[in-house]
Amino acid sequence: QNNIKEQFSHFKLAVSAISIHPESRSHPPSVLYLIWRKPYICAGNNTFIDHLLHICGFKNSSAIPRYPQITAEQIHKTNPSFIFLSSEPYPFREKHIQELRSICPSAKVVLVDGEMFSWYGSRLLYAPSYFERLLQNL
């Protein structure tokens with residue numbers, strides 16, 4: 001039990017060190033975080049992924065709670081600044097980037113490590129450094 005408390009303390013400290021926080025942006029960039037294809041499913045609000053996006057300084061472009069299906073037309077209408085394609089549960093790859101760019105040409109489409117955004121537990125220890133690298137490369 002002490003080990004879990006220590007890990008959580010380490011995670012909180014590492015998260016607080018992320019250089020971009022939501023409160024530092026008056027207009028945070030929007031992100032559509034896709035977890036599935038055919039049909040497209042995104043991470044909506046009120047999810048663990050939504051919370052981690054907020055920690056990284058983003059606004060979730062999906063106002064629908066949980067994990068809603070979303071059409072290509074809805075993606076286009078949402079017009080997010082970024083589209084994050086998760087590595088899991090659906091294994092998005094490079095070939096899917098062009099598909100999403102054709103739907104939403106103004107968005108920057110990025111492959112992201114789904115484990116860092118959605119797996120609870122010990123992987124969270126590695127998430128803050130992953131988020132820092134991701135933010136630097138955007």
inquiry  = Quick one, Ile83 with Leu34, criterion side chain to side chain contact (heavy atoms under 4.5 Å, CB included). Give me CA distance, side-chain angles, the key distance, then yes/no.
reply    = CA-CA 7 Å; Ile83 297 175; Leu34 293 177; 4.0 Å; yes
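- Note that CG of Asp50 is 13.0 Å distant from CZ of Phe58, once rounded to the nearest 0.5 Å.
- The heavy-atom pair separating Ala72 from Tyr40 by the smallest distance is N-CD1, 4.4 Å.
- Donor-acceptor pairing under 3.5 Å is lacking for the side chains of Asn45 and Ser62.
- Between Pro68 and Pro65, the shortest heavy-atom contact is CD-O, 3.8 Å.
- Cluster annotation: Leu138 and Ile55 are assigned to the same hydrophobic cluster (Ile/Leu/Val/Met/Phe/Trp/Tyr, side-chain heavy-atom contacts under 4.5 Å, transitive).
- Atom CE of residue Met116 and atom OG of residue Ser87 lie 8.5 Å apart, to the nearest 0.5 angstrom.
- The main-chain N or O of Ala43 is never found under 3.5 Å from a side-chain atom of Thr47 such that the two would form a donor-acceptor pair.
- None of Ile75, Thr78, Val109 except one satisfies the side chain to side chain contact (heavy atoms under 4.5 Å, CB included) rule with Cys104; the exception is Ile75.
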key: Residue pair Ser106, Asn79: steps toward the side chain to side chain contact (heavy atoms under 4.5 Å, CB included) verdict   = CA-CA 7 Å; Ser106 63; Asn79 194 28; 2.5 Å; yes
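- Between the Tyr130 side chain and the Asp113 main chain, a donor and an acceptor come within less than 3.5 Å of each other.
- Judged by distance alone, with hydrogens and angles left aside, the side-chain atoms of Gln98 form no donor-acceptor pair with the main-chain N or O of Lys95 at under 3.5 Å.
- The minimum heavy-atom distance between Leu135 and Cys56, with the atom names listed, is CD2-O, 3.8 Å.
- For the atom pair CG of Leu85 and CZ of Arg93, the computed distance is 11.0 Å after rounding to the nearest 0.5 Å.
- Both Phe48 and Val31 belong to a single network of hydrophobic side chains, linked directly or stepwise wherever heavy atoms of I, L, V, M, F, W or Y lie under 4.5 Å apart.
- Ile97 CD1 to Lys108 NZ: the interatomic distance, rounded to the nearest 0.5 Å, is 10.0 Å.
- Here the shortest heavy-atom pairing between Trp36 and Lys38 reads NE1-O, 4.0 Å.
- Here the shortest heavy-atom pairing between Gln74 and Gln69 reads OE1-O, 4.1 Å.
- Judged by distance alone, with hydrogens and angles left aside, the side-chain atoms of Asn60 form a donor-acceptor pair with the main-chain N or O of Gly44 at under 3.5 Å.
- The shortest heavy-atom contact between Phe82 and Pro29 is CE1-CB, 3.9 Å.
- Not one N or O on the side chain of Ser30 forms a donor-acceptor pair closer than 3.5 Å with the backbone of Lys59.
- The line from CG of Leu32 to OG of Ser81 is 11.0 Å long, rounded to the nearest 0.5 Å.
- Of the candidates Phe117, Phe84, Tyr126, Phe131 forms a ring-ring contact (aromatic ring centres under 6.0 Å, His included) with just one, namely Phe117.
- A donor-acceptor pair under 3.5 Å links the side-chain atoms of His76 to the main chain of Ile103, judged by distance alone.
- Tyr90 and Trp119 end up in different hydrophobic clusters when Ile, Leu, Val, Met, Phe, Trp and Tyr side chains are linked at under 4.5 Å.
- A distance of 4.0 Å separates CZ of Arg37 from NE2 of His96, quoted to the nearest 0.5 Å.
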